[in-house]
Amino acid sequence: MTSSPSPPRSADTTGGTWLLWLLVMLLFSLLVAACTGFLKRLSGSTPVDALLAGGAAFGGTALLCLAIVPTIQQLRRRQ
């Protein structure tokens, strides 16, 4: 009795590196938020306003980074 050949593995290797990319996106978003809050505070705003601006910058950057991933995957499939 012979065994059937195993199905071919997909060429997509992003599964193993997804956690690393997520960490990079998180750190980049934190950097943008810290810079935004720092610049906002230097401009004379209150600490609360600087914190809110930093939070908005973090959220916007994180969403943008997460939106780029499926876009790049779709562009790679077209090639």
Side-chain angles (χ1 to χ4, degrees):
M1 196 168 170
T2 61
S3 62
S4 62
S6 61
R9 291 186 177 186
S10 67
D12 185 44
T13 59
T14 59
T17 59
W18 173 245
L19 190 60
L20 181 63
W21 278 112
L22 194 60
L23 180 64
V24 168
M25 287 186 261
L26 176 72
L27 290 175
F28 180 69
S29 298
L30 283 173
L31 178 67
V32 170
C35 290
T36 302
F38 182 70
L39 290 174
K40 185 80 170 172
R41 183 70 177 130
L42 281 179
S43 70
S45 297
T46 64
V48 173
D49 287 339
L51 188 64
L52 287 173
F58 174 82
T61 305
L63 285 175
L64 182 63
C65 286
L66 290 173
I68 288 173
V69 173
T71 304
I72 290 174
Q73 287 176 346
Q74 286 295 328
L75 288 174
R76 283 185 179 176
R77 287 185 188 145
R78 286 186 180 182
Q79 293 178 351

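- Under the side-chain contact (heavy atoms from CB on, under 4.5 Å) criterion, Leu63 pairs with no residue, sequence neighbours left out.
- For Thr71, the side chain to side chain donor-acceptor pair (under 3.5 Å) test picks out no residue, with sequence neighbours left out.
- Taking CG of Leu23 as the start and OG1 of Thr17 as the end, the distance is 12.5 Å to the nearest 0.5 Å.
- Cluster note: Leu64 groups with Ile68, Ile72 through ILVMFWY side-chain heavy atoms spaced under 4.5 Å, whether in direct contact or through intervening members.
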Name the atoms and distances for all side-chain donor-acceptor pairs under 3.5 Å in residues 30-44, with sequence neighbours left out.
residue : atom : partner : partner atom : Å
Thr36   : OG1  : Val32   : O            : 2.8
Arg41   : NH1  : Ser45   : O            : 2.5
Ser43   : OG   : Lys40   : O            : 2.6

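- The side-chain hydrogen bond (donor to acceptor under 3.5 Å, both in side chains) pairs that include a residue from residues 48-67 are Thr46-Asp49, where partners are two or more places apart or lie in different chains.
- Residues near Leu20 contribute nothing to a hydrophobic cluster around it, because no ILVMFWY side-chain heavy atom sits closer than 4.5 Å to its side chain.
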